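As the structure is a prediction and not an experimental result, all values here were calculated from the model.
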Number of protein chains: 2
Amino acid sequence: MEKTTAAASSPQVLRRANARRVLEYAWRTGPFTASEAMDASGLTRSTVIGVCDDLVQQGWLDELGDARAAGAAGAYTKGRPARRYALRARAAVVVAVDAGAERITATVADLRGHVLGSASVEIPVKSPHRVERRADAEARRRLARSTVRDALAACDGGGAPVLAMTVGVPAPVDADGGSPADDWFWALMNPGYAELLADEAGIVTIENDANLVAIAERRSPLGSGRTVDSYVAMLAGEGLGSGLMIDRRLVRGRRGAAGEMRFLDHVEGVGSADGFALLARQWAVDAMREGLPSGSPLDQLDPRTLGEADVARAAAAGDPVAGGIIDRLAERLARICLVLGDLLDVDRVIVAGATVASLPAVIDRAAAILDASDDPTAPDLVASALGRDAVTVGAIEHALDLVRDRALDLVPAARDVA
Amino acid sequence: MEKTTAAASSPQVLRRANARRVLEYAWRTGPFTASEAMDASGLTRSTVIGVCDDLVQQGWLDELGDARAAGAAGAYTKGRPARRYALRARAAVVVAVDAGAERITATVADLRGHVLGSASVEIPVKSPHRVERRADAEARRRLARSTVRDALAACDGGGAPVLAMTVGVPAPVDADGGSPADDWFWALMNPGYAELLADEAGIVTIENDANLVAIAERRSPLGSGRTVDSYVAMLAGEGLGSGLMIDRRLVRGRRGAAGEMRFLDHVEGVGSADGFALLARQWAVDAMREGLPSGSPLDQLDPRTLGEADVARAAAAGDPVAGGIIDRLAERLARICLVLGDLLDVDRVIVAGATVASLPAVIDRAAAILDASDDPTAPDLVASALGRDAVTVGAIEHALDLVRDRALDLVPAARDVA
DNA sequence: AAAATAAATCTACACCCTAAATATACTCCG
DNA sequence: CGGAGTATATTTAGGGTGTAGATTTATTTT
């Protein structure tokens, strides 16, 4: 029996640990000199330079010949010009896939998270307001794969390897990338992407879409001075899902179903996990059936094509029925926030998804309710600034986290050696 | 300006890391030989022996002269007898304090968690069923400190230093060991223990009692073969509190208030965070006021001194009113479990506290309801086997975790050197 | 052209780990 | 009682990695 792995603690682990630290520093700053890396890492110049040489060799860093030409902020004029290094952002790429119910988007980004290209397809649907008749699992698989390949073809990767891919799906995802098979919707939303896409990138992970939004919001600007380590990212549209970021850590649970909102069935004044868009339409149609007061703007609309934005517009125009719907939705949202704030002790609930654009008044009003609340655990409520890209931004971030985490085990583009 | 700390990555970090690994191994096994440590750590014999010598020198390990005499399970007869080492359990002690509403218990344990001694005091109360008239904060502080000192005096520590102390309190605890000042009960339950006890041990931490139960249950026997990484420890008595262990990690939240149960105010069919003991008494008194069917065992009791165990006994004796109360409590518990299972995706809810002993039928019946539920996220429900010591066991474990984590930075008893 | 400055390079030197050879302490068996 | 056998301990050599400090190099300033 031969020794397969090197002993766990050979001296190289030190070199490795130092390389890791320097690379992490490179990742969070722009071009840097050895002296700066020394300050950041606490290492000696010899060590830093040795490590940087290694990293350049491996392709993670570029050496930027001239020190003074690039002239950073600090007036740097005296002495021997320093060698400068920078993360080689194009050493590799990652792919983010937002595989939503209605469309699949694939985005390619470099190591700094800059988008290099993307591709997108609508999922063919029969009825616009129903999710039930979506394309089947096999069609989704085909579309997902082709969209990923289109996105890669659409950008000039310069032959950079695809080190990681993260796929966001509207379903709980367990540690193996699978979703519960006992739910047809979840099974359809995640039709075995992990296996399907395994060969498309070095590391392939599937992740719940709301969890990715939570990751995306990790870097969002902080309201006041204090840091926000605990928050809930709520993805609200036709349905409700949430990602729980607590103590700077994503809470997943056994099957990855933490943050699922079905528990709202048991919450007074809520009663279901339906999303605000769905309810706005439904309640509007209900009101139309029961008869509207004359002159209501809602009366102009066709119940079959009515959208949630129509309700928002009617409310803004002063329609009392639409206004009542907005109020009810706001109270609903506020109550959900109270429950989450209480059980999880989060500072903030961040709403993303279609609701942000189509029903902003609901968020504003719910935030006002929470501000007025005497409950000391009431969290702040804010709308995400990331728009439709929230899932994609989170997926890029997550894929990059994976790459950063294992960078030294992965081989980026082999450097052209003279 | 002189250099105060050694550079972050001096060669010694390797030695340190290896020492850490060997010490961790020593902690989770009994006496061991160098060869066993080599297998466990992947290190060379020279390294292991070198590290063990260091650890013996520092007082963390004892060298157990004879290898064969102790004769472990494996028939070990051939070859040169191996040197044996073992964790020196008496090198230091930790103190666990269960500072509950009604009594304060301090327990001293060695590095293996074996109890060496303890002390306990009842908190003077005026009315047995009310928490409001407890001794004030200053009295609690005095009692806590004297109980800790009594416990230390009660055991023969052999001069071992007190490396860590964990205090469990029925209140949320933030990272600094403080509890929300805006709640009189919480402020009373944690009247500045962190500062008060700071000098009694090397590391002093305050922790929520339910969180400590969650830690205590980390090692509890697993129901089936699968591992349970996500569960809720519910401390149920007069009130309800819970510790959230999700993905093998305690979820605390910003102020340490994650797991607080006030959100139950918003849950249908629950409506408050009152504990089962409190409700059992209250509902029984209500029923007595409304008039009981003749011959009910409940009728024998004085409403002013009635205890929850009386209700349990009456129900066991077939009293329909008491049985109804047990059923209502079971439904309540089951519903709480469903909500927790759904939002947090936990495998299991473990009930500890007075309810386990006094109202076992509630837990059994709720477990049956959950088993019969068609909700796939319904968690298992079990009663804790730790009894009244759950908080203490968790506090010992937590204190030991802290010691294990920083062992090499701490100095245990200086070894007697010849 | 010389001084000043900052960075790179070079030269010890210490430490820690591995690997391999050698020594030791047993048991077993003839 | 004295080898053979076996498992462990100790010693020695060698390589890699780090720090520390002196020296060299590249550049600006005077």
Side-chain angles (χ1 to χ4, degrees), chain A residues 2-22 31-56 63-72 74-85 408, chain B residues 2-22 31-56 63-72 74-85 408:
Chain A
E2 59 181 338
K3 297 208 174 182
T4 51
T5 45
S9 260
S10 62
Q12 286 98 297
V13 301
L14 248 192
R15 188 46 164 254
R16 244 182 120 68
N18 288 335
R20 203 187 153 90
R21 269 156 62 177
V22 170
F32 63 96
T33 66
S35 300
E36 286 160 3
M38 287 163 62
D39 290 346
S41 65
L43 299 168
T44 317
R45 166 164 269 112
S46 341
T47 308
V48 166
I49 289 180
V51 164
C52 285
D53 284 351
D54 288 356
L55 290 172
V56 167
E63 184 165 351
L64 276 49
D66 197 81
R68 218 153 314 217
Y76 171 61
T77 49
K78 300 179 194 167
R80 177 173 176 167
R83 285 160 74 171
R84 276 158 69 92
Y85 303 89
L408 297 179
Chain B
E2 59 182 335
K3 298 207 172 181
T4 51
T5 46
S9 259
S10 62
Q12 286 99 298
V13 298
L14 247 192
R15 185 45 161 248
R16 244 182 118 70
N18 288 335
R20 202 187 154 92
R21 269 157 61 179
V22 171
F32 63 97
T33 66
S35 300
E36 287 161 2
M38 287 164 62
D39 290 347
S41 65
L43 299 168
T44 315
R45 166 163 269 113
S46 340
T47 308
V48 167
I49 289 181
V51 163
C52 286
D53 284 350
D54 288 356
L55 291 172
V56 168
E63 184 164 352
L64 275 49
D66 196 81
R68 219 153 312 216
Y76 169 61
T77 50
K78 300 178 193 169
R80 176 173 178 170
R83 285 161 74 172
R84 278 158 67 91
Y85 303 89
L408 298 179

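- With sequence neighbours excluded, the residues forming a side chain to side chain contact (heavy atoms under 4.5 Å, CB included) with Asp53(A) are Ile49(A), Arg83(A), Tyr85(A), listed by chain and number.
- Distances shown here put a side-chain N or O of Arg15(B) below 4.0 Å from the OP1 or OP2 atom of dC17(C).
- In this entry the distance linking CZ of Arg21(B) with C1' of dC16(C) reads 14 Å, nearest Å.
- Comparing the end axes of the helix from dA1(C)-dT30(D) to dG30(C)-dC1(D), each fitted to five base pairs by superposing C1' atoms of four pairs onto the next four, gives an inter-axis angle of 20° (nearest 10 degrees).
- Note that CG of Leu14(B) is 9.5 Å distant from CD of Gln12(A), once rounded to the nearest 0.5 Å.
- Nucleotide dA7(D) holds its C1' atom 13 Å from the CD atom of Glu36(B), rounded to whole Å.
- To the nearest 0.5 angstrom, Asn18(B) atom CG is 4.5 Å from Leu43(B) atom CG.
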Could you go through nucleotides 10-15 of chain D and list every protein N or O atom that sits under 3.5 Å from one of its N or O atoms, giving the distance for each pair?
residue	atom	partner	partner atom	Å
dT10(D)	OP2	Arg83(B)	NH1	2.7

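- When all heavy atoms are compared, the tightest approach of Val48(A) to Ala37(A) is CG1-CB, 3.7 Å.
- The CG atom of Leu14(A) sits 18 Å away from the P atom of dA14(C) (whole-angstrom rounding).
- Closest to the side chain of Ala34(A), from the set dT18(C), dA8(C), dT5(C), is dA8(C).
- For Arg45(B), the salt bridge (Lys or Arg N to Asp or Glu O under 4.0 Å) criterion is met by no residue, not counting sequence neighbours.
- Scanning both residues, Asp54(B) and Arg15(B), for their nearest heavy atoms gives OD2-NE, 3.0 Å.
- A distance-only check finds no donor-acceptor pair linking the side chain of Arg84(A) to the backbone of Leu64(A) [under 3.5 Å].
- Contact check, Thr44(A) against dG18(D): no side-chain N or O comes under 4.0 Å of OP1 or OP2.
- For the pair Val22(A) and Cys52(A), the tightest heavy-atom approach, listed with the atom from each and the gap, is CG1-SG, 4.1 Å.
- Of the candidates dA9(D), dG16(D), dC15(C), the closest approach to any side-chain atom of Gln12(B) belongs to dC15(C).
- Residue Thr47(B) has a polar side-chain atom (N or O) positioned under 4.0 Å from OP1 or OP2 of dT18(C).
- Between Asn18(B) and dC17(C) there is a side-chain N or O to OP1 or OP2 distance below 4.0 Å.
- With dT17(D), dT18(C), dA25(C) as the candidates, the nucleotide lying closest to the side chain of Leu43(B) is dT18(C).
- Met38(B) has its CE atom 8 Å from the P atom of dT8(D), to the nearest Å.
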